[in-house]
Amino acid sequence: MIVTARAHPNIALIKYWGNRDDALRLPANASISINLAGLETVTSVSFEPGLPADRIEIDGLPPARAAADRVVRHLDRVRALSGQGACARVVSRSNFPAGTGIASSASAFAALTVAASAASGLSLTEGDLSRLARVGSGSAARSIPDGFVELATGPHDKDACAYSLAGPGHWDVADCIALVSREAKSVGSSDGHRLATTSPLQSARVEDAPRRMELCRKAIRERDFPLLAEIVELDCLLMHAVMMTSRPPLVYWQPATVDILREIRAWRADGLPVAFTIDAGPNVHCLCEGGAAEEIASRLRQLPGVAQVLVCHPGEGASLLP
Ligand code: PMV
């Protein structure tokens, strides 16, 4: 039986960076994100008793060794939980570039988790799916529930699962993603998380996270864009300060990244409801109130160094497709 699932990537408003346990991907701090409708990964899985090994195809090609091994390890987790003994055929396709700071691993591991667990005969709760997706990729835990999502954390596997704070219709906000590069980043987030504690700033960032989480929850609950803008930019800059002060340092920004940050701040000072955030890559996510999305996207397209602008709205969680 072939089972197909779809998941959106998500953009973190409060970032997760660093693990308290790398093997289980238990995040050092809790995080909050929005699922991005319009961008998606669709993955089909079938367990086939005749197959000698797992067969994986990502965007039409067999993946590089490290990516394939990561998928096989995730299938092994599903096999261990379900008792399914057969190898699997996995076909996955995303409609956006992977590895450039658009959280492709989030949608990839969320879709794989939902498709593979159903194909193996498991019937998991949303919380269990989120925990399982998290072990594949931390941020994937947040692509399982709907809309605005919080990923809690704690010392044990059971503590770290995501749940919806509000559905996608709760607040009309948009993410205008300014792509300044389509190239895959040189240091992926799995390796980046391991470097987090080498920065003297990481402990201060993690200690202050509960305060930022509370302000972000309040901004979402009360649809308070100025508060959201302030807390999201602070949180993003704290994470990049940790990255830049790690050993070795990680600098994901390019000159165009910095130019966009300055523009965003100037536009906000002029009254446009817009704020920036950046994941582990050079591209800039420009969060805005929905009504301003067209204006922001058109201004971004005119900036030198911006190759493309993608506009996304809050999306649903991962689901099985008929
Ligand atoms: O899920 P990972 O291992 O790709 O880590 C995600 C890290 C950031 O995107 C930089 C932050 C986040 O919370 O999504």
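Numbering starts at 1 and runs along the sequence shown. First listed ligand is number 1; within each ligand, the first listed atom is number 1. What you see below is based on every heavy atom in this structure, not just the backbone, and it leaves out hydrogens, waters and symmetry mates.
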**Message:** Testing the 3.5 Å rule here: is there a donor-acceptor pair between the side chains of R89 and S44?
**Reply:** no
**Item:** Flag for D175-H285: side-chain donor and acceptor within less than 3.5 Å
**Value:** yes
**Message:** Looking at L24, is its backbone amide N or carbonyl O close enough to the side chain of N19 to form a donor-acceptor pair, meaning the two atoms are under 3.5 Å apart?
**Reply:** no
**Request:** For S105, take its heavy atoms, then give the atoms of ligand 1 lying under 4.0 Å from any of them.
**Result:** 4 (O)
**Asked** So which of I14, N19, I32, D279 gets nearest to atom 9 (O) of ligand 1, if we judge by its closest heavy atom?
**Response** D279
**Prompt:** Would I177 and F96 satisfy side-chain contact (heavy atoms from CB on, under 4.5 Å), going step by step from the backbone distance to the final call?
**Reply:** CA-CA 11 Å; I177 310 169; F96 59 98; over 6 Å; no
**Message:** List ligand 1 atoms under 4.0 Å from M239, heavy atoms only on the residue side.
**Reply:** 10 (C)
**Item:** Ligand-side contact atoms (ligand 1) for residue partner A280, heavy atom cut-off under 4.0 Å
**Value:** 10 (C)
**Close-contact set for ligand 1 against A12 heavy atoms, below 4.0 Å** = 12 (C), 13 (O), 14 (O)
**Message:** With nothing but distance in play, are any N or O atoms of S139 less than 3.5 Å from an N or O of ligand 1?
**Reply:** yes
**Cationic N near anionic O, under 4.0 Å, R73 to D69** = no
**Which atom of M1 lies closest to which atom of A118, heavy atoms considered** = CE-O, 4.4 Å
**Request:** Report, in ascending order of atom number, the atoms of ligand 1 lying under 4.0 Å from any heavy atom of R142.
**Result:** 12 (C), 13 (O), 14 (O)
**Request:** Would you mind telling me if ligand 1 is within reach of the side chain of S31, the backbone, both or neither, using heavy atoms under 4.0 Å?
**Result:** neither
**Message:** Is S137 close enough to touch ligand 1? Criterion: a residue heavy atom under 4.0 Å from a ligand atom.
**Reply:** yes
**Asked** Taking the inter-plane angle between the rings of H170 and F148 on a 0 to 90° scale, is it parallel (under 30°), tilted (30 to 60°) or perpendicular (over 60°)?
**Response** perpendicular
**Fill in**
A student checking ligand 1 against G138 at a 4.0 Å heavy-atom cut-off should list atoms 1 (O)
**Complete:** In terms of its nearest heavy atom to atom 13 (O) of ligand 1, the top option of F109, Y16, Y252 is Y16
**Prompt:** Counting both backbone and side chain atoms, is some N or O of N10 under 3.5 Å from an N or O of ligand 1?
**Reply:** no
**Asked** side-chain contact (heavy atoms from CB on, under 4.5 Å) between R134 and F109: does it pass, once the steps are laid out?
**Response** CA-CA 8 Å; R134 188 203 74 230; F109 278 93; over 6 Å; no
